[in-house]
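Each chain gets a letter, A, B and so on, in the order the sequences are listed, and its residues count up from 1.
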Amino acid sequence: MLPLFAPEVWTGFRLAPSDIILANLSFAEQPLSVRTPLGLWPFGVALVWFGLAYWRRDARAWEAVLVLVGGAAALARVGNQWVFGLLMLAPLARQVGMVRWRPWSFGVIAAMGLAATATTLVVTRPPELPPSAIQAALTSPVTGTVFADWRWASQLQSKAADSRTVLARGGLVSEPADYWLDYLRVTQGHERWAALLRDWRVGVVVMDAAGQDRKVAELIKNSAEWRVLVDAHGTLVAERAPG
Amino acid sequence: MSVAGSRSEPWLTIRHLWVVITVAAAFIGPASSPIGPDIWWALLRGDWMANHGRLLGFDPFTSAPHVDGPILNVQWLADLFFHGLDALGGLPMVITGTAGVIAATYALVLGAAVTASGHLRLSCVAVWIAYALGASNLSPRPQTLAYPIFALFVFALMRSEWRKDTRLLWLLPPATAVWANVHGSFFTGFLLLGCAAAGRVLETRSLWAARPYAVTLAACLAGSLVNPYGPGALVYIATIGSNQVIRDFVTEWTPTTITSSEGIMFFGSLVLLAALMFRARLRLTAIEMILLLVFAYLAWSSVRAVVWWGVLLAPILARIAGDALPNRQSASRDLPLLNAIIIAGVVMVAVIALPWNKASIPLLPPDKRGVLTDDTPVGVAAYLNAHDPPAVGRMLNHQPWGGYLEWATWPRHQVFLDGRIELHPNQVWFDYLDMVFPSAHWRALVAQYEVRYMVLSKAEDGDLIADLRGEPGWRLGYEDDLATVFWASEGP
């Protein structure tokens, strides 16, 4: 079950339906599909339970209920997989417990589980925010809010304490849908990106220039309205130019 | 319950009623539905080929830059079929002909289900489930013509498995030859036979036992080469399946999730299947298990594959349902006259549902009475047909409308893009998205592609429309509830 808990290590454990806007920002907000990183793992877990139960023709009603409820939660949103993992523990343990396993088979299964967990952790890990970028963002003399990639916002706010306000510092649930729609517009390089940043009184931006924010990062680099402070390691920090 | 009739049976039994209602329902649904967005270029290509007497080897209908190399029209036979229907009776005939194809499909599925289960009523219910699974994917277009062929494959497999009658397998290679010229989905036939062969080997531990399926598969592979492009058609189809834009941006190619109606139906069918498997005493065969696993994965991989899953699922579902559910024999006596009246009523409903008639049904809401959907830009097409395009430059159009607009306005106007993603390089699609988004580069892209007029959707291109309303050098030429048309200053 460990791989089912792994993605939430980075984003926090939350039970919610999928959101069409947030799904563009985080795969954890998408409904479960074959293209989800390790998306076949929960399907495989359910299939193992079903295969063992069908083979022995022995499944209790409570098992089916737990599998159905957990499966529905996971299908509704990738970030709910931990619920599926929790609910599957008892049914799977019961089915596995009834099988006579060869001693080595447990080792193989455990190794597969650990490998899948490690892979999930690596694949879903957000990019690291370099210390030089934090330093530049927080020491900029320009006033105004900080607009950061949503994965870095809370980290930046904790470093800034009360000296600066970082937008979306509370994560994906901290802002209304309209904000995230405009956030997407900005990061995707919408024609009104600069106006939106002005509307939010943004003084400093911290963008993932090699990943999700590369379109707006290019625009910022070429804009007279912004002065680049850091452009290294896939991170762009810029402050509003004087005047 | 035995399916075979007996000499003492009345001339119209309740079983006839079940069959008629099931097949008629499969006809009435598509016959009463408006036409979908993926038929227009098929009609145009068919018309072009009929007029020129040769295959269409290029794309005259869209103006965006095309991919390098020849354009293979592997659906040429479907194009001609739909053109034939159009020539016979216009769009209503296209809809009616497609409904007939779908009714034939589910009649074959019913035959397969009865063959596998021996239960007519359960088979009918299984066919309804199959129909519901595919209901969103039954509009007139080339893929729809492939459904009865796939259903024939399933029927032949069921005859072979449960009646030990392999004669229908002989039909599959010539059917594949037709399929390969109608739509690129013929690989699902290979998949079906491959699964059957693998399952037979697993069950019998003998390669020899898989011979009927392996030989049929080899003959079908050869049959698929009977097309104007030979093996090139297979390569072409493989490239379409791996096209990044198709996989990421075309709704029906995206993975099936529980957030869509197709996804709810699909996952619901899995739960139903699992429940019946537990309840039934019989065990699924290796062939059935492999088929279910492979086609379930296919259906989960893309929304457009859910329809194949339904066709395959029906006979298996009927078989295990027949074992899992109590077999209640009907104690009531057949009343042939009543049955005849009900059948006449069903036929009458089918006739009323035809596109020619449904406009006069007062009970139908206005948006269901026509052959076109509500969001078809009819007004824009009429406007464009009254105005010439600029001497130079392109139209930029809301892409989902491309098919209808080219059907309605070509050759006077040429749309930028339609639904044929594979015709244009990925960069063209990314640029299109940047223009309608609109990104900060939209003006540069409009200049780069020499766009001189734009047909935009108010619902989906609102930001660009707002920009154009105040943009120097652009003026509004047409506007209705759905759409706007903007012209560059030098336009009409």
Leu47(A) vs Leu293(B) side-chain heavy atoms within contact, under 4.5 Å: yes
Approximate separation, where rounding is to 0.5 Å, of Phe50(A) CZ and Leu270(B) CG: 9.5 Å
Measure Leu433(B) against the heavy atoms of chain A and call it side chain, backbone, both or neither at under 4.5 Å.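 For Leu433(B), no heavy atom lies under 4.5 Å from chain A.
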Quick check on Ala296(B) against chain A: is it the side chain, the backbone, both or neither that has a heavy atom closer than 4.5 Å? neither
Heavy-atom count around Met98(A) CE within 6.0 Å, excluding the residue itself: above 12? yes
Within a radius of less than 6.0 Å around CG of Leu272(B), do more than 12 heavy atoms belonging to other residues, nucleotides or ligands occur?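 Yes, because the 6.0 Å sphere around CG of Leu272(B) holds more than 12 heavy atoms from other groups.
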Using heavy-atom distances under 4.5 Å, tell me whether Ala53(A) contacts chain B through its side chain, its backbone, both, or neither. both
When the 4.5 angstrom heavy-atom criterion is applied to Leu219(A) and chain B, the contacting part is side chain
No hydrogens needed, just list the donor-acceptor pairs between chain B and chain A under 3.5 Å.
| unit_1 | atom_1 | unit_2 | atom_2 | d |
| --- | --- | --- | --- | --- |
| Arg247(B) | O | Arg35(A) | NH1 | 2.9 |
| Arg247(B) | O | Arg35(A) | NH2 | 2.9 |
| Asp248(B) | OD1 | Arg35(A) | NH1 | 3.2 |
| Trp253(B) | O | Arg35(A) | NH2 | 3.3 |
| Ala280(B) | O | Arg57(A) | NH1 | 2.4 |
| Leu282(B) | O | Arg57(A) | NH2 | 3.1 |
| Arg283(B) | NH1 | Tyr54(A) | O | 3.1 |
| Arg283(B) | NH2 | Trp55(A) | O | 2.9 |
| Leu284(B) | N | Tyr54(A) | OH | 3.3 |
| Pro438(B) | O | Glu191(A) | N | 2.9 |
| Ala440(B) | N | Gly189(A) | O | 2.9 |
| Arg443(B) | NH1 | Glu191(A) | OE2 | 3.1 |
| Arg443(B) | NH2 | Glu191(A) | OE2 | 2.9 |
| Asp463(B) | OD2 | Arg185(A) | NE | 3.1 |
| Asp463(B) | OD2 | Arg185(A) | NH2 | 3.3 |
| Asp463(B) | OD2 | His190(A) | NE2 | 2.8 |

